[in-house]
Every structure is written in C-alpha cells, then in structure tokens.
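Counting convention: from 1, in listed order, for ligands and their atoms alike. Predicted model, so just to flag it, every value in this text is computed and none were measured.
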Amino acid sequence: MLSIQNFQKTYDSGFKLIIDQLSFKEGIHLIKGKNGSGKSTLLKAIAGIHGFEGDMILNGISQKKEPIAYRKLVNYSEAEPQFPEFLSMDELIQFISEVVPFESKQVESLKEILGIGEYSSQPIASYSSGMLKKTGLLLAFLGDPKLIILDEPFTTIDLDTQRHLKNLITYQLNQGCNFLITSHLADFEDFFEYSSKTSIEAGKLMLHHD
Ligand SMILES: Nc1ncnc2c1ncn2[C@@H]1O[C@H](COP(=O)(O)OP(=O)(O)OP(=O)(O)O)[C@@H](O)[C@H]1O
C-alpha cells in the first residue's frame, strides 16, 4: 500500500528523522513513540503537508513525481487541529467540496456518527476543543481516501464519540481504506487488530512488526 524510501527530514532546530526503508501493507498501522520522537513529522510528510528528502509511493503513485494524484489518495487529521476561526465547519466542508468529490449524505452521516449536531454552522472560534477535534476528524473521512492518517484521534473526544469513531474506522477498513494511527492511550494496543506496529525513538525507526 505505502512504501517509504530514503526518507530524511531535518528541522532548523536540529531535529532529524531518518528512515531508510519502511513499507505498510493494507490495514490499520500503529505508530508509537514518546513525545518529540518524530511521529507527527513522519505523518505530515506521508500526508504531503511538508517537504522531505526521499520519496513515498502510495498505491503505485510517487509523492515526488505525481504530487497531486498522490494527495488525492490521502487524508489527515492533526492531533490538535487548527482552522481559520472566522469560518464554520460547514464552510470548511464547502471549501473542500471544490477539490474533493463527495455526496452530501456522507457529510450528514459523519456529522451524526461524530455527534456534531447544530454546531457546524457556527464559527470555529466558538468551538470546544472536542468540537474542534471532531471537525478535523470529519474532514479526514470525506471523499474516498485510500489512506487516512489519524494523529491522536481518540484524545479530547468524549467516550461515546470514541466508540463511534472506533466503529467508523473498522467500517472504512472493510471498505478498503487503510489507516496510520498514533495514540498515547494506555490501552490503545488493544483497540484494533493492527497490521503493523512501528516505533520511533529520537528520530530513528526502532521496531517494525508486520
Ligand atoms: N515545524 C517545526 N520546526 C522545528 N522543529 C520542529 C517542528 N515540528 C516539530 N519539531 C521538532 O521535531 C521533533 C519531533 O516532533 P514531532 O511533533 O514529530 O514529535 P511527536 O513524536 O509527534 O511528539 P508528540 O507525541 O509530543 O506529538 C521535536 O523535537 C519538535 O520540537
């Protein structure tokens, strides 16, 4: 599904993440690591959000050679999403609909699953931290992505929403979507049947079980 080759990302701060070779087959993949180890750095690079040295091939499409085709296959939900505060969730969805095809019934279904209610027409400045997280999660499931990257998806949201999100991930997996997920939750290792577990420590790949 995804192959990472000769990856290197260096920040001005001096932090460096190096991965010579890493492959993920179909399924749900857990990415583990302590705070600051480099998980979000890797996920943002896979999502095509920031530059890096090397390449990533998703379903046969190279991020470097075909960046637009690659980006159409992958959606990403940040650990702590940030959006322009003057916009509403509905306006963000409208904005995305101009580049990603999806049906309005998908939006209604995701709003119901995530318990979004009437808030979607309100400006983001008025959202609670949980509603902000739900906004990022809803956008990550829009369209027909082949890979959804979820950085700490279960933090900030209430227990009912956690349960619904877990079911949604399993449903989408059965529809042929793949997931890369991080979590610091203690019992997260038991949440899903993972196709692989990868550990990152201080910018280096330590473990990769398939
Ligand atoms: N935009 C940036 N500019 C400079 N340094 C950065 C930037 N983003 C992250 N870093 C640094 O890179 C390192 C790895 O950060 P990263 O966010 O990838 O860690 P993480 O494993 O996701 O951590 P956490 O579990 O706390 O979310 C940290 O030392 C961080 O300070």
Quiz prompt | Glu112 atom CD: more than 12 heavy-atom contacts under 6.0 Å | solution = no
Quiz prompt | More than 12 heavy atoms of other groups within 6.0 Å of Tyr171 OH | solution = no
Quiz item: Is the shortest side-chain N to carboxylate O distance from Lys133 to Glu152 below 4.0 Å?
Solution: no
Quiz item: Going by the angle between their ring planes, with limits at 30° and 60°, are Phe24 and His29 parallel, tilted or perpendicular?
Solution: perpendicular
Quiz item: For ligand 1, what is the set of protein residues having any non-hydrogen atom at a distance below 4.0 Å?
Solution: Tyr11, Ser13, Phe15, Lys34, Asn35, Gly36, Ser37, Gly38, Lys39, Ser40, Thr41, His184
Quiz item: Which heavy atom of Lys39 sits nearest a heavy atom of Lys34, and at what distance?
Solution: NZ-O, 3.1 Å
Quiz item: Are Ile93 and Lys111 side-chain neighbours, meaning at least one heavy-atom pair lies under 4.5 Å?
Solution: yes
